[in-house]
Amino acid sequence: MNLGNWLVRIAFVLALVAAIRLVPTLRRPQVGSPRGAGWILGLHAWTVVAALLLLVSHFVGHRFEYDYVAQYSSRALSPALSLAAVWAGQEGSILLWAAFGGLVGLALWRQPGSLAKPALFFVSIAQAWLLGLLLIRSPFVRHALPPAEGMGLNPLLEDPWMVFHPPVLFVGYASLVAPFALAAAALVRRQHADWNRMVWPWALFAVVSLGTGIALGGVWAYKVLGWGGYWGWDPVENASLVPWLVSVGLVHGLLIQRATRALVRTNLLLALLAWITVVGGTYLTRSGVLQAFSVHSFADSGLNVPLIAFLVAATLASAGLLIARWRSFETGQERWLELSRESALWLGLMTVLVLAALVALGTTAPLLTALAGRPASVNVKYYEYVSVPLGVVLVLLMALAPALRWSRQQGLSWVGTLAPGLIAGVVLPLIAVLAGLRDQTAMALTAISGLALGVNASMSARLLKRGWTYGAGYLVHVGIAVMVLGMVISSVLGKTERLRLLPGRPVSSLGYTLTFQGTSTGARGERTLQVHVERGPWRFEARPVLVKAPRDEGLMRKPAIDGWKDLYLSPLELQPVQSHGEPIWLAKGQEVTLGQAGVTFTGFRMTSHEDLVVYADLRVRKDGRIVEAAPGVRAAMSGSQPIPVEVPDLGQISLARIDADNKRVAVLLSGGLGAGPAALVELSTKPMVNLVWIGALLALLGSGLAGLRRAVEKLPARSRLKHPLRPGVAEATH
């Protein structure tokens, strides 16, 4: 008996049974909960979790008789990476998503409010869909002839980020089903009295969790994957960005609704759309339709039809509900052309949605162009052209909104709130000019970011005096402004040069001196480049890595990064080279590849009889054997004479030059013998790039504090302190 497959089947049936039991809750007069529905939902959730834990045990126990385990694991992996391999492929990541979805259903069951139970009908349908995918592509399929060893992970996935980044993303994906389900329930039952209150924590949680996953992915791409940046506009990246942007729009729409009773229908639409974009992104990245246009999209695995079928069904059902119930919902008076905070938030919301739509358009370009017979993807410049101007609008609105009041403005008192921002908007560009910034567009972006930073930091500091969770929304905007500053400065002031490094020969670039000292080969064939980087008294031993990936996935690159100097050294390739009599520098203690041997300079020796003789002691390593050699130079009255030595399998080595101050020597190989491969690398400076990570951390911290405050407000001990929400309350929280 295959326990894993049975658990998936049982969970699938339980999801369908739960959906059937919850059908009566869709009728508005229904009171109470259907008998046994809670038990069914609980049993479903824990069955999926049990299936996930069983799969984890197969990976940790190296059960290679299971095909999925053999594809993504091996005994060489550490326990942490064996765990991470669970979600490295399609089947495991879908099971992880379903497990989180089951837990979301349990949390929604316990949430008070009239819409929780009918919303669980839609959650159960979503769970049945995910588990249906696993019935088609199960992670518990057994090999007829089990292999002795698994294929292992892609080398770039053998990193601690793999343990955290995907699960956090899938928490965000799973949490977005709750706003979708609550919106669908509100539409079916024609009621939205407590919809805003119920959906708010889910929307905020989705923004935080999905945003954290995206940020972790950006750090991973920058520090490990060798992309040269933190964002590449790849379809898989965009598949998480679009739902996050829609969720950000939903959070701001809910703020406007709480204060003005407007945007009820818009928020229902956004709640539905956020999860539909998750399903759409799943189709794009897992059906194989973008396999030729994405560096880490999944290949076609037979899920194309069920993915597109559910996407179409969810979209049509949502559109049908909206059309049928559009006039059933009353909405507040909308005055978007007046100068007020809700107008600024509404403009920001619309800008975010336009950006999401344009990113989605660029991502789906291969499908749209395929209709004309020639599928093609958009250039990265497309995303820059649409994101930069829209980003400028968003940052300006972030600066303006905190200074405005809810409803109509009176007088010009709001101008005073802008004072800290105006000061920062002048000071920061001046500092940037001193740092070397000359680009006018970048100067304008720096000034706008400074304006937003000053205003929101001032508001956040003012409200923090009322309590440590107040002003959290403004802290989010502070983080975004800091991120924008980091993006602008690092991209404009950053420089990049491609270099060809010969072993032992220093090369100067971007104010640094690089000396390639050879390579070392790891147990699985990875080549680690040994590059000594210096600038004045500063030293950096860079160790970028080139890895030939399994499954014919090409050459993988892991950069070497110095965070304090914002220096980024990415390896490109190793090229064969002949010495042709050029001297090769050896620094003391550093091994350099000469021919097929590794040569290390260990120190000087001097003897003085009739003449002064200086020897350079060398340790030659080849095929596991170590040979000592000592070429020298004799200083006589008639001049200097080299004393070469013969090294087996390497040839004659002569001492060409001595640099005693820097403890290094230059040697010559006879016969033009190969002096090891040359390294083609890309050296980049990325000044102030750490502001991107700091800004992301501040934004996530602010979002988390906002959610924590809402959770604390719902504690029973504080329930008597609650009061009806007034515009001032919304103003204090955002």
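Taking the six-membered ring where the residue is Trp, F122 and F180 present perpendicular rings, their angle passing 60° and hence far from 30°. Taking the six-membered ring where the residue is Trp, F140 and Y66 present perpendicular rings, their angle passing 60° and hence far from 30°. Relative ring orientation between F170 and Y173 is described as perpendicular, the plane-to-plane angle rising above 60° on a 0-90° scale split at 30° and 60°.
Looking only at side-chain heavy atoms (C-beta outward), T282 and I94 stay at 4.5 Å or farther from each other. The shortest distance between side-chain heavy atoms of M151 and Y72 does not fall below 4.5 Å. The shortest side-chain heavy-atom distance between W195 and L254 falls under the 4.5 Å cut-off. Using a 4.5 Å heavy-atom threshold, the side chains of V188 and P118 count as separate. For the pair H62 and V69, the minimum side-chain heavy-atom distance is 4.5 Å or more. Counting heavy atoms from C-beta outward, V60 and P79 have side chains that stay 4.5 Å or more apart. With contacts defined as side-chain heavy-atom distances shorter than 4.5 Å, the pair W233/L241 qualifies. Two residues are said to be in side-chain contact when any heavy atoms from C-beta on lie closer than 4.5 Å; V86 and L52 meet this criterion.
Once rounded to the nearest 0.5 Å, the distance linking CG of L106 with CH2 of W46 reads 6.5 Å. Here the straight-line distance linking atom OG1 of T25 with atom NZ of K117 works out to 9.0 Å at 0.5 Å rounding. Note that the CD1 atom of I10 and the CG atom of L43 stand 8.0 Å from one another [nearest 0.5 Å]. In this structure, the separation between CG on L250 and CG on L353 is 9.5 Å, given to the nearest 0.5 Å. Here CG of N5 is found 10.0 Å from CG of L54. Values are rounded to the nearest 0.5 Å. In this structure, CG in L367 is found 6.0 Å from CG in L284, a value given to the nearest 0.5 Å.
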Is there a side chain to side chain contact (heavy atoms under 4.5 Å, CB included) between L157 and W220 once you walk through the steps?
CA-CA 10 Å; L157 300 183; W220 188 7; 3.7 Å; yes

L307 and V279: side chain to side chain contact (heavy atoms under 4.5 Å, CB included), yes or no, with the steps?
CA-CA 8 Å; L307 285 170; V279 178; over 6 Å; no

Before you tell me yes or no, could you show the steps for L134 and F12 under side chain to side chain contact (heavy atoms under 4.5 Å, CB included), namely the whole-Å CA-CA distance, both residues' side-chain angles and the distance that decides it to 0.1 Å?
CA-CA 9 Å; L134 293 179; F12 173 75; over 6 Å; no

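Listed here is the closest heavy atom pair of L182 and L115: CD2-O, 3.8 Å. Minimum interatomic distance between L272 and A184 (heavy atoms only, all atoms of both residues): CD2-N, 4.0 Å.
Counted by atom type alone, S138 and E91 present zero donor-acceptor pairs between their side chains at under 3.5 Å.
Taking the six-membered ring for Trp and the full ring otherwise, W231 and Y222 have centroids separated by 6.0 Å or more. Between Y68 and F59, the distance from one ring center to the other falls under 6.0 angstrom.
For H143 (side chain) and D67 (main-chain N/O), no donor-acceptor pair under 3.5 Å exists by modelled atom type. With hydrogens and angles disregarded, a donor-acceptor distance shorter than 3.5 Å links the side chain of R325 to the backbone of L187.
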